[in-house]
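Report on one structure; see the data block that follows.
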There are 2 protein chains.
Amino acid sequence: MSEDQPRRRSERARLAILQATNDLLHENGLDAFSIEAVAARAGVGKQTIYRWWPNRAILVADALLDRDDIGPVPPRNTGDVAADLSRWAGDLAASLGSPRGAATLRMLTAAAIESPETSRRLHEKFSGPLQELATARLAAADDLRTTPGQRRHAVDAIIGFMVFRVQAHQDLTRRGATEMARMVLRGLR
Amino acid sequence: MSEDQPRRRSERARLAILQATNDLLHENGLDAFSIEAVAARAGVGKQTIYRWWPNRAILVADALLDRDDIGPVPPRNTGDVAADLSRWAGDLAASLGSPRGAATLRMLTAAAIESPETSRRLHEKFSGPLQELATARLAAADDLRTTPGQRRHAVDAIIGFMVFRVQAHQDLTRRGATEMARMVLRGLR
DNA sequence: ACCAAACGAGACGGTGCGTCTCGTTTGATC
DNA sequence: GATCAAACGAGACGCACCGTCTCGTTTGGT
């Protein structure tokens, strides 16, 4: 968000905008969300928002990803891949399956569908790291030899399971995700 | 869509609206989509649309689900569960992974996030039947004894894998889905 | 032939969009 | 400390759609 420009940007305004965006999203949902409301709530001119965020979807993604409601957590390495990754899956499910986590994930998904650039950013900051961390743990396993293709399939099955459950408004529990991950990993040997 | 009313509804208008909705969605995408444009394109009064569809999301879902771009296909039963279900997964991936199928799935997802009622309808007409058909095939397997919980996990992992790949704009091929399903099913025994 | 419901058309007030001035503040540079 | 251009808060602007509301007109069941 603040990479190349050599200018003076107001940090106060930036934080107020992100805060107002998060508040409004969790109060009224993505549908009722408007730039106008953010400007009013943040005590900021609309131009200031449009100057730094090209559209609504990117602002939404930026604000949600700045929070640590949900975030890419690395799996441990105790030497037992199945145990490490099923535990990791359980933790992730606990986070994404909570009311707030699920709401955040759904809004992020909608924002990603709204704009390809947002999709890229979401993948760069969340799903991408998640995939990499898990495949890396799989690749580092001494007790399980796998091909890169197999690793991608297994990891995407585990992540996809959770994404699908949340989006279909079906329950996603730590226990269910743990069992499911163990099952997928069993298929890997 | 036409269940309880004893009134006289114009079939001509209904079809024109669904057709116009599909056309506009695939021409301009979900963002640019408006009821106003549908009315103009279909040669219909706005009131006629609002009379039968309570909101934009439900109209979108109805129109997209009326098409057979994507649809719940049953797996075969040749006696070999792994072969049947991995083939089924491959067929589904070929459908959802195509440009048109992927676009449809993404718009349906966005519509489902927009309105809970749409989410319910999407699940009722698409993901629900998909889950049931696949779990039924698993349950009918002579060569593989599974618990209901295991069946749900396996099926949701396979479906979730595809949904996730499409939404993350990652490639979803028949071959990848086939291999992935085979892997999950291997974990089931 | 009757008649009420559904229809096409479009006017209406309201809301938020994205752009565009304003005059004011701010922070890097001299 | 004075200078000065960029960023700022505020809000006016025209525009696109929203969802509701009349209008006559058409339609299909009785």
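Atom set for the values below is all heavy atoms of this structure, side chains included, hydrogens, waters and symmetry mates excluded. Chain naming here is simple, since letters A, B, ... match the order of the sequence lines and numbering starts at 1 in each.
- The stretch residues 18-42 of chain B touches DNA chain D through B:Ser34, B:Ile35, B:Glu36, each having a heavy atom under 4.0 angstrom from the strand.
- Ranked by how close their nearest DNA chain D nucleotide is to the 5' end, A:Thr48 and B:Asn55 are led by A:Thr48.
- With rounding to whole Å, B:Ile49 atom CD1 is found 14 Å from D:dT20 atom C1'.
- Relative to the side chain of A:Tyr50, the nucleotides D:dC8, D:dA5, C:dT19 differ in distance, and C:dT19 lies closest.
- Within the nucleic acid shown, B:Arg56 has no heavy atom closer than 4.0 Å to any nucleic acid atom.
- At whole-Å resolution of the value, CD1 in A:Ile17 and P in D:dA7 are 14 Å apart.
- Residues A:Arg76 and A:Trp88 fail the side-chain proximity criterion, which asks for heavy atoms closer than 4.5 Å.
- Closest to the A:Trp52 side chain, of the nucleotides D:dA7, C:dA6, D:dA5, is D:dA7.
- A donor and an acceptor atom, one from each side chain of B:Thr109 and B:Gln167, are located under 3.5 Å apart.
- Between the CZ atom of B:Arg12 and the P atom of D:dT25 there is a distance of 18 Å, rounded to whole Å.
- Here the C1' atom of nucleotide C:dA11 and the NZ atom of B:Lys46 are 10 Å apart, to the nearest Å.
- Summarising the geometry, the separation between CZ on A:Arg8 and P on D:dC4 is reported as 13 Å, rounded to the nearest angstrom.
- Judged by a 6.0 Å distance limit and a 45° cone about the ring axis, A:Arg9 is positioned over the six-membered ring of A:Trp52.
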